[in-house]
Amino acid sequence: MESLTLTDGEQKYYSDLFVYCDTDNTKKVASNGRVLDLFRAAQLPSEVVLQITELCGATRLGHFGRSQFYIALKLIAVAQSGLPLRVESLNSVKDLPLPRFVVAKNEQEARHTAMYPDSENQGSYQGVIPRPPGRGQVKKLSAHEVIQPCVPTVEPQPDTTSPVVSPHQSPPTSPHWRKHKRQASGGNIERQPVVVAGAVWTPFREAQAGPVVSGDGMWSANSPPPVQESWVSLKDAHPPSSSTLPAIHCSPVQENSSIRTVASATTTNETQRHSSGGYDDPWKITDEQRQYYINQFKTIQPDLNGFIPGSAAKEFFTKSKLPILELSHIWELSDFDKDGALTLDEFCAAFHLVVARKNSYDLPEKLPESLMPKLIDLDDSAEVPDQAPDVGYSGSPVEVTPNKSPSMPSLNQTWPDLNQGNEQWETFSERSSSSQTLTQFDSNIAPADPDTAIVHPVPIRMTPSKIHMQEMELKRTGSDHTHPTSPLMANPPDLSEETKLATSMKFVTVNSGDGYSSSDSYTSDQDPITSVVTRQRSHSGTSPEGLKVVAAPPPPPPRPHASHSRSSSLDMNRSFAAVPTGPQLAGVVAYPPAVPPRPLPTQTSGPHSGHRSDEGLAAHSSTSPQQIPEQPNFADFSQFQAFAASDQPSDDGEKHPESLPVEKSSEGAGPLRTVKSDNQEERAAATVNSAKGSIMAPPPKPVRRRLKSEDELQEEALPLKSNVIATVLAAQPSIPRSVGKDKKAIQASIRRNKETNTVLARLNSELQQQLKDLLEERISLEVQLEQLRPFSHL
Amino acid sequence: MAVCIAVIAKENYPLYIRSVPVQNELKFHYTVHTTLDVVEEKISAVGKAMADQRELYLGLLYPTEDYKVYPSHMIKNMAVTNSKVKFVIVVDSSNTSLRDNEIRSMFRKLHNSFTDVMCNPFYNPGDTIQSKAFDSMVSAMMVQAS
């Protein structure tokens with residue numbers, strides 16, 4: 001026998017095989033048992049085997065020593081490659097492919113496991129085998145691939161066995177193997193489960209070709225478990241592998257996809273399916289499994305794009321005999337969009353989990369990525385477990401068409417439309433709506449509660465009577481509200497309500513005042529306010545007086561009144577009238593109608609406007625918002641005198657001095673307005689407007705004012721603005737003067753305007769601050785009130 | 001810092017109750033129980049004033065010497081049933097910084113989680129809530145609130 005030179009790979013391979021065959025550890029194998037099986041696995045005609053045996057000298061020796069064994073293996077390789085068997089060929093043939101043996105996959109796994117004695121060899125085979133064929137990427141193995149070199153099902157032992165002997169060898173598998181091998185132990189580990197499954201299979205399918213399952217195939221093999229128990233045994237092996245599976249997610253995934261549980265034996269009934277915990281990874285769903293799930297889905301819901309209602313799903317899964325608690329947990333995991341119904345994806349995931357559970361796999365805390373429905377853009381990525389996200393493989397082969405996504409409501413916690421007919425659903429929908437309306441509630445309620453200072457923007461354009469009624473109602477219902485409305489919430493609406501207020505303000509009457517009289521803060525100043533209001537309406541000549549009057553009372557409007565905001569200007573008035581406690585938010589309070597007057601003073605001041613406005617501004621800025629009344633006073637007074645004579649068309653009354661807003665840069669004070677003394681503004685506005693009108697205010701301004709009255713209302717807030725406007729307005733009239741003068745005047749006016757702007761901005765910020773303080777105060781007051789309220793109830 | 005969160009069923013038995021401090025749990029339970037009376041009263045007080053919507057958030061019930069109790073009575077004015085499930089949160093009075101909005105948001109979260117539980121067909125109304133998701137949400141709330 002010539003000496004045998006083996007390549008490293010061959011060496012390793014052969015040694016593995018030898019060890020494998022060397023069951024007795026005697027360093028020589030008898031020509032029986034494994035050796036024979038091995039040779040048989042080589043799928044060579046028996047005479048060839050005999051010849052080989054003879055050639056290698058085993059016949060002489062009666063057993064296979066290591067060298068003989070190696071020679072035999074080499075000869076097998078030679079034979080397999082079609083070369084004539086000759087001793088000489090042992091060393092002459094270069095690049096001889098390794099002998100291929102049909103072995104069960106198990107071996108692969110076994111490779112690194114302790115099962116070395118048994119299956120490791122196989123594993124080694126695996127490692128070696130892939131080499132020759134050259135790595136292929138066989139991602140998609142044909143259904144029948146995998147032939148894993150595996151020692152003939154010799155060892156059905158513990159898990160390794162299962163040599164799912166596939167009748168044919170498919171080279172493509174090698175690459176897989178190789179790939180797996182590359183995965184290093186990881187891959188093998190994966191195999192393991194497969195092997196395990198294979199092992200299970202083996203007992204049942206030994207003779208049969210069985211599902212050709214390559215290592216990967218095992219996965220699929222799992223699906224059609226021949227017998228339920230096999231699965232149980234499988235599971236033993238699975239756990240160890242499962243842990244590693246995630247790591248090797250990739251490879252198995254590839255393989256899985258390629259694996260087809262050809263076996264076909266999908267005749268299994270449901271229970272078997274259940275038991276077939278094919279977890280690749282361990283949560284991957286094989287194609288066959290998926291197909292099964294889909295079939296099951298169809299039995300419940302023929303439309304693959306439809307939903308399975310919760311009740312039907314419940315019955316279905318109850319059949320699996322898992323405890324309700326676990327089923328409940330499974331449902332939580334799988335009902336991704338929380339709609340109480342299962343789409344195909346969700347159903348598959350749930351089914352998969354049930355199967356897993358049946359195999360004693362612990363349920364994950366979060367839905368494994370492979371089970372997540374891929375159709376939707378999941379926002380709940382949080383659910384993705386830390387499994388090796390095989391994004392590439394996109395977890396479960398989502399076979400369902402993307403059509404599903406539309407059918408699935410957004411996965412966010414937003415409540416999907418739950419009108420599923422189940423009353424619970426209705427609850428949900430209601431709940432969703434109610435939750436959304438929570439805030440709305442607040443806003444609605446706040447106004448109702450006169451005590452709450454929140455001004456609720458009651459978007460109502462009401463007639464005077466309506467306003468009145470509304471106020472009354474609010475007052476009435478308000479008392480019933482116990483919860484502390486959040487002032488904050490109410491405020492924003494206030495802004496929107498400004499306009500309404502503006503309109504409503506017109507109608508402010510004493511009546512509304514009555515409505516609010518109950519509120520603490522409003523009591524005192526009703527009259528002045530109402531009077532002011534009326535005055536405002538009238539505009540014209542009264543404006544000055546109005547302003548004056550307004551100036552006097554405008555106690556910081558009860559700022560955070562809900563009532564204030566809304567509905568009626570009355571509130572505003574009231575707030576004005578009611579001595580606003582605490583800092584007055586610079587009377588910025590909604591004052592819708594107030595705007596018009598503003599221009600008046602401004603205009604009348606005309607040439608003086610510059611001064612006046614400056615003064616006014618200065619005054620304003622100096623007057624902390626707390627003295628709201630004062631501010632308007634400044635404006636008013638200063639303007640008053642200027643305007644005393646000028647009457648502004650009252651029509652401007654309602655309008656805010658649109659011009660004002662134009663000039664004002666700090667409209668932000670709008671919200672303040674609502675809270676603050678609107679009246680003041682109104683008055684100021686009125687005066688301004690009137691003044692403006694009288695002084696040939698630039699035509700567009702008045703017009704603008706009219707048009708924008710509503711808008712202005714909201715923005716009006718500071719009496720300061722009136723000053724500014726006044727200033728601006730004042731400046732304007734000068735423009736038409738002679739050209740030369742114009743330039744100067746323009747520049748001067750520009751300068752003035754800028755100054756005014758800055759001053760107003762400053763004032764605005766101050767007012768904002770005041771507003772915040774007031775709001776906080778109100779909140780605290782409300783809280784106190786709430787605390788007291790229950791007692792009053794009781 | 002909610003020290004105790006409870007979900008009370010319509011029949012006034014707890015579906016879920018969890019307290020942070022392990023001690024004095026019974027005290028919390030009693031507190032929650034007494035709040036039910038107040039809740040009932042409030043509900044009746046509101047009466048039929050509101051035709052379309054009821055107030056979901058009842059707000060602060062009363063500050064006990066140690067704690068304030070916030071109940072939120074969820075009345076779902078559905079066409080079919082009123083679920084009448086109540087959520088109660090007990091917070092430590094020492095934490096006054098808890099704004100009203102925060103409490104509301106806590107209730108909202110509770111509500112959301114509760115409806116998730118309800119969605120589960122395996123959950124029978126009237127059973128105690130054993131959902132892990134619900135538990136985790138509540139735990140988060142109890143820890144975070146402090």
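Atom NZ of residue Lys132(B) and atom CG of residue Leu325(A) lie 7.0 Å apart, to the nearest 0.5 angstrom.
With Asn120(B) contributing its side chain and Trp331(A) its backbone, the two residues share no donor-acceptor pair below 3.5 Å.
In summary, the side chains of Ser131(B) and Glu332(A) do present a donor paired with an acceptor at a separation below 3.5 Å, with no hydrogens or angles considered.
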